[in-house]
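Okay, so here's the structure we're looking at.
Residue numbering restarts at 1 for every chain, and letters A, B, ... go by the order of the sequence lines.
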2 protein chains.
Amino acid sequence: MASQSSGRRVTAADIARSLGVSRATVGFVLNETPGQTISPATTARVLAEARRLGYRPHIAARALASGRSHLVLLVLPDWPIEHSLRENIDEATQALDEHGYTLITFTPHEGARSRPLWETLQPDVVMGLLRFPAPLIRSMREAGVERIIPDPDEASNTRYSEGGPRLQVEHLHELGHRRLGFARPGDPRLVELADAREAAATAAAVNLGLEAPRTLEPVCVGSELDPPVQAWVDAGITGVVAFNDDVAAAIIGAAARAGIAVPRSLSVVGHDDTPTALMFEPRISSVQIDSTGLGHYLAALAIHALDGTPTPDWEQTSAVTLISRESTSVSPSTQE
Amino acid sequence: MASQSSGRRVTAADIARSLGVSRATVGFVLNETPGQTISPATTARVLAEARRLGYRPHIAARALASGRSHLVLLVLPDWPIEHSLRENIDEATQALDEHGYTLITFTPHEGARSRPLWETLQPDVVMGLLRFPAPLIRSMREAGVERIIPDPDEASNTRYSEGGPRLQVEHLHELGHRRLGFARPGDPRLVELADAREAAATAAAVNLGLEAPRTLEPVCVGSELDPPVQAWVDAGITGVVAFNDDVAAAIIGAAARAGIAVPRSLSVVGHDDTPTALMFEPRISSVQIDSTGLGHYLAALAIHALDGTPTPDWEQTSAVTLISRESTSVSPSTQE
DNA sequence: AATTTCAACTAGCGCGAGCTAGTTACGCTC
DNA sequence: GAGCGTAACTAGCTCGCGCTAGTTGAAATT
């Protein structure tokens, strides 16, 4: 337990010296190196001495010698998913920690001119939630990153964004809504994800025999989107699939100003189940993502890439749920 | 530009060999080692060859040789400040990058049982926004972290949380409000920060000759806080200093349900100027934090600790601003 | 001309851990 | 009691880089 408060750091050599054994022996014990037979007695002595001296392996030295940094870099898009994402990053962190890897998150912002973290950190794996654009992949490869998830050379299997929109559409459909709108966020950073979600929503609608949802031009938070919402209602749209809870809130606000009652005249479903959804008047129906599952899935993906463990299946490990609140109700046309 | 796509990595020795100079020379050029005189011609050749071969220094080796990891670990509390914080982390990241350091953020969650990142990462500095509790400091020290910010051995100078609440109180005071309430968040993770903000608000109120704001018992998002708000109004409170925009939104929602007009009968000021503030009906007056300034401040603190540069002054480098919107207006008592 | 100075380089150690290629010494067989 | 196998260990190289302690040769000084 004790550790020299201000002296040099304790190395494996210190343990060896203090015990009168060789450095190699210490290394074998501490790493449980396979193929090496160390007597239980020696093993115990080494471990005890390591603890006594407060030994901590020097990660830089380990990385240099072993050639692996034991770092996993999770590249986060700057989505405001925050709330659910945070939790599953935790899960993933822990799962990876148990395998001796450290998960570090990183959000490459457009504005920032600093070097991407994979260049400085030289992680063993770089993971992302969506496929990486080609220039980024090139940058990673040049920086010596050999494992990239999702694998740029394989057909995409990232379907994180499909389940939610489908649930949103199905929810509105069950309530009798037949003409839907899709409300996009104004934030340019979200374009990619919005595209994915809109495509999923459209697919789900068409699948149910509905016409494809009309798209509301990007919503600028705080801007005047009252007229467009009015136009939607005039066009017979009764249900709105919102990109996320914030967009849903914006639509509801606009509706309120335009004198459109929510949910009586217009139902709105959010996505991500953020705290906003609960705090709004009316409370927003939303899609909750199983963060724990996603976290484990992420970790499993990384470990797979590192150890060759079989790739886990996303559908099995995670799920999305629709939480019905007061912002959605039976379609007015059904009410007659 | 070219880099061997699958071979071994390019080392400084490769450059030296390819150029017929010594490894030391290459090192001196690449590090611009002070006290070494390398001819411009050689310097140029080395740099050109480094670029041509696609040389990237091996950070683990560098860390091992130099004894410094060149990592700065920013420990984030799990506040939902997100919005403003994210931006200034960016600023800090960049500022540190320019000094050759990499900023990594980390949120030690209560539930997570994985090792704290300073043990695995062995950063040169660990920074936090508030003072660290003693056990954490011990853990850092044991892990070999020598620089901790804020310095545990010095009197606290972390006043990140003072300016905002003061502005909130002053704003309400200027509008004629004389009896204020302070609305706290329900989230237990925020207790510490809420304490700090409430203390600052109280101090500001007393300083203006007001009585100390009454505290609203922790607000559970989505819970029924209508009665307490009603009680406040009955007690003559006309202005509410909310811990943050979310709490402000909750208060406004409760007021709406209780039939209390905002801002006519009750003014509410938020904090942090999150997107929520803009999206709410009415739009919430809030305190905006100069994130760029805070970011630079954080970076400056770290660089100070590393290089001995003079400690920057927080007041000078950053600022808070009150943004007045529709959730606050002149006190009803003044209107008579 | 002898000495000093200094720009411009180089040889090579050390950082701490991983790990290969040994070296003992002991037990067991024939 | 020689031969063999193997448990239990060790010497020492390696990883890539930082950097000290030189070496060299030419210009400047006395």
Nucleotide N/O to protein N/O under 3.5 Å, stretch nucleotides 7-14 of chain D:
unit_1	atom_1	unit_2	atom_2	d
D:dC9	OP1	A:Thr42	OG1	2.8
D:dC9	OP2	A:Ser39	N	2.9
D:dC9	OP2	A:Ser39	OG	2.8
D:dC9	OP2	A:Thr42	OG1	3.0
D:dC9	N4	A:Gln36	OE1	3.3
D:dT10	OP1	A:Ser22	N	3.4
D:dT10	OP2	A:Ser22	N	2.7
D:dT10	OP2	A:Ser22	OG	2.9
D:dT10	OP2	A:Thr25	OG1	2.4

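- Residue pairs meeting the salt bridge (Lys or Arg N to Asp or Glu O under 4.0 Å) criterion with at least one member in residues 55-65 of chain A, sequence neighbours excluded, are A:Arg56-B:Glu119, A:Arg56-B:Glu142.
- Applying the salt bridge (Lys or Arg N to Asp or Glu O under 4.0 Å) test to residues at least two apart or on different chains, the pairs with a partner in residues 92-101 of chain B are A:Arg115-B:Asp97.
- In this structure B:Ser39 satisfies the side-chain hydrogen bond (donor to acceptor under 3.5 Å, both in side chains) test together with B:Thr42, sequence neighbours excluded.
- For A:Gln122, the side-chain hydrogen bond (donor to acceptor under 3.5 Å, both in side chains) test picks out no residue, with sequence neighbours left out.
- Counting to the nearest Å, the C1' atom of D:dG16 and the CZ atom of B:Arg17 are 12 Å from each other.
- Residue B:Arg62 has a polar side-chain atom (N or O) positioned under 4.0 Å from OP1 or OP2 of D:dG18.
- Between the NE2 atom of A:His58 and the P atom of C:dC15 there is a distance of 11 Å, rounded to whole Å.
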Would you tabulate the side-chain donor-acceptor contacts of residues 24-35 of chain B under 3.5 Å, counting partners in other chains and residues two or more places apart, or write 'none'?
unit_1	atom_1	unit_2	atom_2	d
B:Thr25	OG1	B:Ser22	OG	3.0
B:Asn31	ND2	B:Gly27	O	3.1

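- Not counting sequence neighbours, A:Thr105 has no partner by the side-chain hydrogen bond (donor to acceptor under 3.5 Å, both in side chains) test.
- Contact between the side-chain N/O atoms of A:Tyr55 and the OP1/OP2 oxygens of C:dA17 is found at a separation under 4.0 Å.
- Nucleotide C:dA17 holds its C1' atom 12 Å from the CD atom of B:Gln122, rounded to whole Å.
- One can place CZ of B:Arg9 at 13 Å from P of D:dC15, the figure rounded to the nearest angstrom.
- What separates CZ of B:Arg56 from P of D:dC17 is a distance of 13 Å, to the nearest Å.
- With rounding to whole Å, A:Ile59 atom CD1 is found 16 Å from C:dG18 atom C1'.
- When the side-chain hydrogen bond (donor to acceptor under 3.5 Å, both in side chains) test is applied to B:Ser69, the partners found at least two apart in sequence or on another chain are B:Asp124.
- Comment: B:Arg52 does not engage B:Asp14 in a salt bridge, judged by the lack of any side-chain N to carboxylate O separation of less than 4.0 angstrom.
- Each end of the helix from C:dA1-D:dT30 to C:dC30-D:dG1 gets its own axis from five base pairs, and the two axes differ in direction by 60°, given to 10 degrees.
- In this structure, CG of A:Leu64 is placed 11 Å from P of C:dG18, rounded to the nearest angstrom.
- When the C1' atom of C:dA17 is taken as reference, atom CG of A:Asn31 falls 8 Å away, rounded to whole Å.
- The number of heavy atoms from other shown groups lying within 6.0 Å of CD (A:Gln36) is above 12.
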